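None of the values given here were measured: they were computed from a predicted structure. Chain letters run A, B, ... following the sequence lines, proteins first and then strands; every chain starts at 1.
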Protein chains: 2
Amino acid sequence: MNRSEIKIERIITYRRILLKLYNDGEKNIFSYQLANKCQVSSAQVRRDLMDIGYSGSPANGYEVQCLIKSIAEFIDPDKKQGIALVGLGNLGRAIIDYFNGQSLKLEIVALFDKNPNKINRVIAGCHSYHINDLKEIIIKNNIKTAVISVPSTDAQQVADVLVDGGIKGILNYAPIILNVPDSIYVQNRDMITTLEKVSYFANYNNK
Amino acid sequence: MNRSEIKIERIITYRRILLKLYNDGEKNIFSYQLANKCQVSSAQVRRDLMDIGYSGSPANGYEVQCLIKSIAEFIDPDKKQGIALVGLGNLGRAIIDYFNGQSLKLEIVALFDKNPNKINRVIAGCHSYHINDLKEIIIKNNIKTAVISVPSTDAQQVADVLVDGGIKGILNYAPIILNVPDSIYVQNRDMITTLEKVSYFANYNNK
DNA sequence: TTTATGCTGTGAAAATAATCACAATGTGAA
DNA sequence: TTCACATTGTGATTATTTTCACAGCATAAA
């Protein structure tokens with residue numbers, strides 16, 4: 001079974017769309033309909049769903065509720081998992097607001113900053129700590145995933161502590177490439193690179 | 001010449017690293033060194049640089065300054081280009097702060113929101129307008145790239161206006177798939193999907 | 001000079017990802 | 001029942017991306 005990044009990301013997207021359909025009361029959906037909503041080909045949808053081991057019927061397509069369940073079995077962790085977020089600037093606050101409450105099994109549960117004015121507070125139901133307590137708290141809470149939303153000058157140092165505390169996955173918004181062991185999964189989401197890329201294609205696609 | 005998204009993104013990343021090296025006074029770099037810093041293979045670096053038409057020397061590798069210039073010729077627009085940002089919540093402010101001043105040819109120059117308290121202000125040197133003026137202003141300023149950082153309920157409507165105003169590239173942070181013409185380049189950067197993916201690989205890579 | 005060294009540039013091969021295309025299926029109309 | 005139809009599941013194919021591997025080259029040391 002193939003679990004490439006790109007496929008996993010598509011499957012997660014299918015679920016988001018399916019949850020919306022489910023809330024709208026949709027019971028069934030065909031591959032080409034889901035494909036349209038996700039902007040991929042219908043063959044791609046069928047192939048991806050085949051890979052997660054879910055089967056539809058030629059007459060009725062896929063059952064929305066069952067499919068959501070199959071995707072959850074394929075993607076979700078067994079238990080609820082806490083996520084740590086480091087850096088309580090505008091970006092950090094935005095991420096908490098966007099994310100919490102949106103995922104069934106995942107929740108940002110611990111916040112960190114180095115600014116004394118930002119610690120020992122509760123933001124969107126989450127407690128904030130000084131970054132010196134990072135290692136202790138992520139170990140105590142068995143946190144395996146973290147978000148870095150600190151300035152790039154501090155990002156490597158934060159990553160080092162996260163790795164030391166046993167983190168296995170990092171979502172990095174700082175515009176640097178983190179130096180971490182190969183066993184750690186890092187997703188970079190540097191806004192500068194992204195916006196330069198969008199601008200490039202905005203221009204290039206029109207010669 | 002191949003201009004796939006993934007290659008363009010790598011090339012933009014090379015430049016970021018090279019600019020840092022240049023500021024540190026580095027004159028030359030070998031493919032394997034740049035590869036290390038970007039976490040790709042050295043063959044990949046050589047192939048990418050071949051594709052943009054830059055040549056190094058076997059003895060001295062690549063000249064940092066020249067390479068930066070070659071990448072700029074390959075990637076950058078001829079003239080400076082303004083970018084519009086729609087949605088002045090925490091995320092929008094974070095993007096302005098992260099981005100402006102970091103790119104030579106690109107700058108966020110116009111901000112939009114629907115909240116009257118947020119319009120007619122200057123944030124990090126940028127003026128903010130009511131979203132009703134969006135079309136007029138992006139046409140007047142020949143803006144081709146936009147960032148959507150509004151709640152998902154408003155995102156499609158914003159996209160429609162952007163498209164109507166002649167935008168060619170959209171960086172979308174709202175967790176929905178925008179419905180826009182094929183000719184518009186859209187980059188989705190939904191934080192929910194991203195964090196679910198990071199969590200998945202954090203767990204999966206460790207069985 | 002000559003030689004040894006360690007790169008680059010790149011054709012060829014391998015690996016990965018997406019699409020094609022169609023047999024099999026199940027439904028509803030006749 | 002039977003038939004026409006639209007869709008699934010998937011082997012085969014095609015396209016794309018990455019890596020391999022090495023000839024050719026520039027330099028420095030002998």
Side-chain angles (χ1 to χ4, degrees), chain A residues 1-14 18 21 26-68 70-71 74 182 185 197 200-201 204-205, chain B residues 1-14 17-18 21 26-68 70-71 74 177 182 185 197 200-201 204-205:
Chain A
M1 198 170 343
N2 162 2
R3 288 168 183 264
S4 67
E5 285 198 38
I6 197 159
K7 183 183 286 281
I8 295 297
E9 200 164 325
R10 277 197 307 266
I11 291 170
I12 291 172
T13 302
Y14 298 155
L18 289 164
L21 291 169
E26 297 287 339
K27 299 288 183 222
N28 292 83
I29 192 169
F30 292 120
S31 63
Y32 71 88
Q33 295 174 314
L34 185 52
N36 254 298
K37 288 182 186 294
C38 300
Q39 294 174 4
V40 299
S41 71
S42 65
Q44 184 88 78
V45 168
R46 294 201 300 279
R47 173 74 59 186
D48 288 339
L49 299 190
M50 184 185 109
D51 285 356
I52 71 170
Y54 179 80
S55 271
S57 93
N60 302 311
Y62 305 101
E63 288 182 40
V64 174
Q65 189 173 17
C66 293
L67 181 47
I68 290 169
S70 289
I71 293 176
F74 187 79
D182 282 353
Y185 176 84
K197 175 180 159 195
Y200 173 81
F201 284 107
Y204 187 73
N205 284 345
Chain B
M1 198 171 343
N2 161 2
R3 289 167 182 263
S4 67
E5 285 198 37
I6 196 158
K7 181 182 289 278
I8 295 298
E9 199 163 327
R10 277 198 306 267
I11 290 170
I12 291 172
T13 302
Y14 299 155
I17 302 290
L18 289 165
L21 291 168
E26 297 285 340
K27 300 287 182 224
N28 291 83
I29 191 168
F30 291 121
S31 63
Y32 70 89
Q33 295 173 313
L34 185 53
N36 254 298
K37 289 183 185 292
C38 300
Q39 294 175 4
V40 299
S41 71
S42 65
Q44 183 88 79
V45 168
R46 293 201 300 279
R47 173 73 59 185
D48 288 338
L49 298 190
M50 185 183 109
D51 286 355
I52 71 170
Y54 178 79
S55 272
S57 94
N60 302 312
Y62 306 101
E63 288 182 40
V64 173
Q65 189 173 16
C66 293
L67 182 46
I68 290 170
S70 289
I71 293 176
F74 187 78
I177 306 285
D182 283 353
Y185 176 83
K197 175 181 161 194
Y200 173 81
F201 284 107
Y204 186 73
N205 284 344

Show me the protein contacts with nucleotides 14-18 of chain D, counting only N or O atoms at under 3.5 Å.
{"residue": "D:dT18", "atom": "OP1", "partner": "B:R10", "partner atom": "NH1", "Å": "3.2"}
{"residue": "D:dT18", "atom": "OP2", "partner": "B:R10", "partner atom": "NH1", "Å": "3.0"}
{"residue": "D:dT18", "atom": "OP2", "partner": "B:R10", "partner atom": "NH2", "Å": "3.0"}
{"residue": "D:dT18", "atom": "OP2", "partner": "B:Q44", "partner atom": "NE2", "Å": "3.4"}
{"residue": "D:dT18", "atom": "O5'", "partner": "B:Q44", "partner atom": "OE1", "Å": "3.4"}

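- Looking at residues two or more places apart in sequence or on another chain, you find a side chain to side chain contact (heavy atoms under 4.5 Å, CB included) between A:Q44 and A:R10, A:Y14, A:V40, A:S41, A:D48.
- One distance of note links CD1 of B:I177 with OG1 of A:T13; it measures 5.5 Å at 0.5 Å rounding.
- With sequence neighbours left out, the side chain to side chain donor-acceptor pair (under 3.5 Å) criterion links A:N60 to no other residue.
- Other residues, nucleotides and ligands contribute at most 12 non-hydrogen atoms within 6.0 Å of the CD atom of A:Q65.
- Between the CZ atom of A:F74 and the OH atom of B:Y204 there is a distance of 7.5 Å, given to the nearest 0.5 Å.
- At the heavy-atom level, A:S55 lies under 4.0 Å from the strands shown only through sugar-phosphate atoms.
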* Assign a letter to each nucleotide of nucleotides 22-30 of chain D from its 5' end: B, base within under 4.0 Å of a protein heavy atom; S, sugar-phosphate only; -, no contact. => --BB-S---

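- Between the C1' atom of D:dA6 and the CG atom of A:N28 lies a distance of 15 Å, rounded to the nearest Å.
- Here the CG-SG distance, from B:L18 to B:C38, works out to 7.0 Å after rounding to the nearest 0.5 Å.
- Residues from residues 32-40 of chain B with heavy atoms under 4.0 angstrom of DNA chain D: there are none.
- Separation of atoms CD1 (B:I52) and CD1 (B:I71) is listed at 4.5 Å; rounding is to 0.5 Å.
- Within the structure, salt bridge (charged side-chain N to carboxylate O under 4.0 Å, His left out) contacts touching residues 36-47 of chain A (residues at least two apart or in different chains) do not occur.
- By the side chain to side chain contact (heavy atoms under 4.5 Å, CB included) test, A:E5 is found to be paired with A:Y185, A:Q187, B:K197, B:F201, residues two or more places apart in sequence or in another chain being considered.
- Classification of the B:Y62-B:Y54 ring pair by plane angle, with boundaries at 30° and 60°, yields tilted.
- Taking A:F30 as the reference, A:Y32 meet the ring pair (Phe, Tyr, Trp, His ring centres under 6.0 Å) condition, with sequence neighbours excluded.
- For DNA chain C, the outermost nucleotides in 5' to 3' order that have an atom under 4.0 Å from a heavy atom of chain B are C:dG6 to C:dA12.
- With sequence neighbours excluded, the residues satisfying side chain to side chain donor-acceptor pair (under 3.5 Å) with A:D51 are A:K7.
- Rounded to the nearest 0.5 angstrom, B:I68 CD1 and B:L21 CG are separated by 8.0 Å.
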